[in-house]
There are 2 protein chains.
Amino acid sequence: MAATLKDIAREVGVSVTTVSRALAGYSDVAEATRLRIQTAAARLGYHPNLQARRLQKQRTDTLGFIIPTFGPRFSDPFFSEFIAGIGNEASLHDYDLLVSTHAPDSADEAEAYQRAARGRWVDGLIVVRTRQDDARIKLLSEHSFPFVAFGRSNCEHDFPFVDEDSAEGIRLLVEHFVALGHTKIAFIAPPSGLMFGHFRRQGFLDTMAANGLPVVPEWVGEGDMSQRGGAAAAEALLSHTPRPTAIICGNDLMAMGTINYIQQLGLKVGDDIAVAGFDDIPLAAYVSPSLTTIHQPIYEIGRRTCAMLIDIINGRFPENPHHLLTPTLIVRKSSCLAID
Amino acid sequence: MAATLKDIAREVGVSVTTVSRALAGYSDVAEATRLRIQTAAARLGYHPNLQARRLQKQRTDTLGFIIPTFGPRFSDPFFSEFIAGIGNEASLHDYDLLVSTHAPDSADEAEAYQRAARGRWVDGLIVVRTRQDDARIKLLSEHSFPFVAFGRSNCEHDFPFVDEDSAEGIRLLVEHFVALGHTKIAFIAPPSGLMFGHFRRQGFLDTMAANGLPVVPEWVGEGDMSQRGGAAAAEALLSHTPRPTAIICGNDLMAMGTINYIQQLGLKVGDDIAVAGFDDIPLAAYVSPSLTTIHQPIYEIGRRTCAMLIDIINGRFPENPHHLLTPTLIVRKSSCLAID
DNA sequence: ATTGATATCCGAAACGTTTTGGATTATACT
DNA sequence: AGTATAATCCAAAACGTTTCGGATATCAAT
């Protein structure tokens, strides 16, 4: 049905080779012929068959993004924004974006990465939520399959990544609270299996130490990055006395769960107790009290990650394959002076 | 590098045809041969080249999902959950999911749909956020390109969809508030260009009329589905006197913006004024006060939409191509008796 | 008139499958 | 013994593109 090179060739009275080369812009076809071919192509409504081209060129013109999801009812604002970032950058370079979801560290997920590493499914992968001893990174590195990660890792392989300096972000938050007079500061960490969980936790411990503040073990919790997890961790923290006067959460969602739990206790966040998050999701400005947090330019990170990946796929290895962004502090109403 | 049919054929001493048919499970190959072929395939680590298969079979084994996004900083919890739903269902049937983002009604978006309608990019599309006189549906219908929509539309074409009965959902909310003694009920509608905006608005007007309640024009606003839009609409609504005692919002995000604005006024939601949302996003249970809303099983809707699409692509046209789900009311703390 | 360079074109192979339409052999039935 | 039937197998074409290695014609320089 659809027009092919052969149709154009017949129409113009020239070989398929010439049509192909004319359209591809090779210099060994006369301008006059090229013109006739182009107009014929336009008239016939020619569009190249991508499957055929891909088979021949041995590439897929497609990028893969495997979303790690806990359970079906997953809903993380991070991903919609990140997808917009990589998707737009990809389409700018005529790449398609293939997306699938798998539970982290599941057999399912491993299989998906193996399929990719085998080649021919996608030309490159974007890896997010990097983990300690990340099996995905290990696998891809060993197959030297093109990928770029959002987040560093601790494995022996060197690999390209974009990341925000989480430890520095937490430092900003701790020192913000210290400046407000807080000394009893709690921390709800993201899962330590996640690299940024590790960095954020480490940032907390380091900055507390640097300020000569004690880290009370009961005041250091861990949550699964959801509001529910934040609420649960907050409950555990606050059941101990004395209570902290400020709680730093590993991400905004957990901060919202924390705030919600605190309010159920009858306390006023931003008055009786200070809370901070991390990520600056759009919602953070619209909860009450609005949330002090660290901004992460997710959309931009998505674009840069994707751009770097496309460069690598096309053999342009980036001058600097390690982008580390410096975080910025956003102070809102959930901050307050320490009361004691 | 990777093993091909030819490699197996050479190895086993049989023709490429036989290998192909053996692996595909045809009955015209001896079981003994099939076994030898299968073990050889396993030993060589054979995986079919999908590009080649697709070229030959003239199908892509891929589904497309074009996300309508307003601006880059878009972040809608709906999409992450929906993608999980369609993605998982798709991979169950060995389909890949191609995702891209485009501003609604942009030239960009139109081009993406045309590319799809032309065929060969994806085998079918999932359309969401259906619009009045939806150009996408018109285009796809006219090309009789396989697609399923989440949401009905008003165009002349009949097309397969999954939808929740929005009008009924709003009816539940209005009557819930009426039962609590409210008569001064306001409504913040989703954009009327969106079909569910239309239905939800209509549901509001109808139910108010059915209960003999007046609809005050100043109490009917419209927002862009974001928290910011909700807050802005709430501000407009509440600047008029008398004030409504209850506000129904077209979605949860706008409800959160509304709640936030109300709290800035020094009023207590769930005490001084009632607010409800629509969607029951996970966050709705974790804001304060927790949000009365209508539940939408997004993940499940994603799965069903996708399953229906795959059926259609494979020529199994569904017995009933119009799934209309009945909504359920979730009462939480943002509800309260009318005070006057 | 020969040579060499340049411009323009093309045939054929290749990418890795699937499918069509037999061909061959063995088996069962008269 | 001859014939129909079933069980196995396969060569070749096809899907639509790109690329390799010339082929041919033209033109300028010797």
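Order of the sequence lines sets the chain letters (A, B, ...), proteins ahead of strands, with each chain counted from 1. Heavy-atom basis, side chains included; hydrogens, waters and symmetry copies ignored.
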Find which nucleotide of DNA chain D each of A52(B) and T33(B) is nearest to by heavy atoms, and output the residue with the more 5' nucleotide.
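On the 5' side of the pair lies T33(B).
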
First encountered from the 5' end of DNA chain D, between T4(A) and D28(A)
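Final value for this comparison: T4(A).
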
Round to the nearest Å and state the distance from [X] atom [atom1] to [N] atom [atom2].
X      : N       : atom1 : atom2 : answer
K57(B) : dC15(D) : NZ    : P     : 16 Å
K6(A)  : dG11(C) : NZ    : P     : 13 Å
Q51(A) : dT18(D) : CD    : C1'   : 16 Å
R59(B) : dT17(C) : CZ    : P     : 17 Å
Q56(A) : dA14(C) : CD    : P     : 11 Å
L5(A)  : dC10(C) : CG    : C1'   : 14 Å
L55(B) : dT19(C) : CG    : P     : 13 Å
I37(A) : dT17(D) : CD1   : P     : 13 Å

Is it the case that R129(A) places NZ or CZ above or below the six-membered ring of F78(A), under 6.0 angstrom from the centre and within 45 degrees of the axis?
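Yes, cation above the ring, under 6.0 Å and within 45°.
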
When we call it a touch if two heavy atoms are under 4.0 Å apart, what does N49(A) touch: a base, just sugar-phosphate, or nothing?
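Sugar-phosphate contact only.
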
Could you walk me through whether N88(B) and Y299(B) pass side-chain hydrogen bond (donor to acceptor under 3.5 Å, both in side chains), step by step?
CA-CA 10 Å; N88(B) 286 348; Y299(B) 180 81; 3.0 Å; yes

For the pair F65(A) and F79(A), name the ring-plane relationship: parallel under 30°, tilted 30 to 60°, perpendicular over 60°.
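Answer is tilted, since the angle falls between 30° and 60°.
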
So, OP1 or OP2 of dG16(D): does either fall under 4.0 Å of a side-chain N or O from Q58(B)?
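Yes.
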
Taking OP1 and OP2 of dT18(D), is either one under 4.0 Å from a side-chain nitrogen or oxygen of R53(A)?
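Checking R53(A) against dT18(D): at least one side-chain N or O falls below 4.0 Å of OP1 or OP2.
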
Does a side-chain heavy-atom distance below 4.5 Å link [X] with [Y]?
X       : Y       : answer
W121(B) : D96(A)  : yes
L23(A)  : I37(A)  : yes
H322(A) : F161(A) : yes
I137(A) : F147(A) : yes

Which residues in residues 14-27 of chain B have at least one heavy atom lying under 4.0 Å from any atom of DNA chain C?
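Listed by number, they are V16(B), T17(B), S20(B), R21(B), Y26(B).
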
